[in-house]
Each structure stands twice: as C-alpha cells, then as structure tokens.
Amino acid sequence: MIVVDWVKQLTRIRGYTDQMVEDANAVIYTIGSYQLEVHDPGADIDTLCVGPSYVNRDADFSFVLHDILSGMEEVTELQPILDAHDPVMKFKLDGISIDLLYASTDISDVSVLYDVDEPTVRSLNGCKVVDQILKHVPNVEYWAKQRGVYSNVTGFLGGVNWALLVARVRQFYPDAILSIRNTIKNSIRNTIKNSSFL
C-alpha cells in the first residue's frame, strides 16, 4: 500500500529501529458520501490518511508523499491544495477521483484528540461524524427509497440530508417510543410531500 510504504520509508530515514520500521503503519479511511454509500457515480472519493505523530502534514505529506504519487503512472491530475482550510491532495488513481486529507495522531485510538493541531481535528471529524450518523441513523436511505422520497436528482433529499434530518429528530426526541418516532417520520414525509418546491 502506498501510504504504508511512505510511512515506513520516513520511519527508516528518521533513524528508528528496524522493529519500529516494521511496525510503522498508516490507515486510509473513506469519509463523506462514499462512506455513507450515497455517493454519485463519478463523484470523488473523500479519504483520510491517519499516520503516526512523527509524520507531519507540512513536509512529509505535502512534499514527500506528493513526490511519490507524482512518480506513479496510475496517478494523474495530482493537485495539492495546501493552503485550504483542510489541506488536501486531489488526484486520480486509475481514473478514480480521490481527495486525500492527512491526520497525524495515535493510529490505535483516533477518538483521542489530545495534543493535535486544528487541521488534524477537522480531518478526523469527517470520520467521526459519519461514524455517528451510521451508528444512530441506520438504513435511512432504504427507508426513504421505500417511501419514494429519495433522490437529489428529482428534488428530494439525498442520503446525507436524510441522515442529518433523522439524526436531528432523534436529538429532539431521544426517548420517544417507536410509535412516536413513526408519527414524526410520517409528519416529515407529509411536510415534504406537501411542500411548495415539489
């Protein structure tokens, strides 16, 4: 894997022990609409690379990884956007559009945000938010499709929008029994059906 080899290379260059080089790792997470399985065909895949704390964004990600990717035949349209709110590398890998963010933290527990910079916190939040949506709002896409109220193209809400809406309703009514939740869902559906934009 490209990022694992990159981290091992940096670990070796920095003079760490052979065992540390062998153990060195980086993990790629999908985030956003791709992780929620609501992405459109041809849309880019938002990804987050989480690497060890001694691999930094400014030099290692922005320049060393960039140089590795630029030398690969299967990588095209490589465009680092380092002055963005969340520094990102955009590229195509075998024709698939990728947006790659980087977070430098303890890989074994990405829930701990101790002593990390703001871009790392923002990057990790992409994973954490989607994980929470998936945990608390399962099967919302299926529910909306079954009721004929799913599709950005036809003017309805898409998957992420439905997930956020249902998550918000669950925040307002966390202890609601199932029948009340169904009443709320029906109310939302009727509101959308009767709204003027349709």
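Just so it is clear, the values below take in all heavy atoms, side chains as well, and ignore hydrogens, waters and symmetry mates.
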*Roughly how far apart are Asp46 CG and Leu101 CG, rounded to 0.5 Å?*
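Separation between the atoms: 7.0 Å.
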_Rounded to the nearest 0.5 Å, what separates atom OG in Ser104 from atom CG in Asn56?_
7.0 Å
Could you list the donor-acceptor pairs under 3.5 angstrom formed by side chains in residues 61-76, with sequence neighbours left out?
residue : atom : partner : partner atom : Å
Ser62   : OG   : Arg57   : O            : 2.7
Ser62   : OG   : Asp58   : O            : 3.3
Ser70   : OG   : His66   : O            : 3.3
Ser70   : OG   : Asp67   : O            : 2.9

_Membership question, hydrophobic clusters at under 4.5 Å side-chain separation (ILVMFWY): are Leu82 and Leu48 in the same one?_
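Looking at the clustering, Leu82 is in a separate group from Leu48.
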_Pro52 versus Tyr102, closest heavy-atom pair with distance_ = O-OH, 3.5 Å
_Is any side-chain heavy atom of Ile28 closer than 4.5 Å to one of Leu100?_
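Yes, close enough: below the 4.5 Å cut-off.
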*Check the pair Val27, Cys49 against side-chain contact (heavy atoms from CB on, under 4.5 Å), reporting the backbone distance first and the verdict last.*
CA-CA 6 Å; Val27 179; Cys49 176; over 6 Å; no
*Run the numbers on Asp44 and Ile98 for side-chain contact (heavy atoms from CB on, under 4.5 Å), then give the verdict.*
CA-CA 5 Å; Asp44 62 4; Ile98 306 285; over 6 Å; no
*Within the distance-only criterion (no hydrogens, no angle test), does the side chain of Thr47 pair as donor or acceptor with the backbone N or O of Thr30 below 3.5 angstrom?*
no
*asked:* By the side chain to side chain donor-acceptor pair (under 3.5 Å) test, which pairs, at least two apart or in different chains, include something from residues 87-98?
replied: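 Non-adjacent pairs meeting side chain to side chain donor-acceptor pair (under 3.5 Å): Lys90-Asp99.
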Side-chain donor-acceptor contacts of residues 10-24 below 3.5 Å, not counting sequence neighbours, with atom names and distances?
residue : atom : partner : partner atom : Å
Thr11   : OG1  : Val7    : O            : 2.7
Thr11   : OG1  : Tyr54   : OH           : 2.6
Arg14   : NH1  : Tyr54   : O            : 3.0
Arg14   : NH1  : Asp60   : OD2          : 3.3
Arg14   : NH2  : Asp60   : OD1          : 2.9
Arg14   : NH2  : Asp60   : OD2          : 2.8
Thr17   : OG1  : Met20   : N            : 3.1
Gln19   : NE2  : Asp23   : OD1          : 3.0
Gln19   : NE2  : Asp23   : OD2          : 3.1

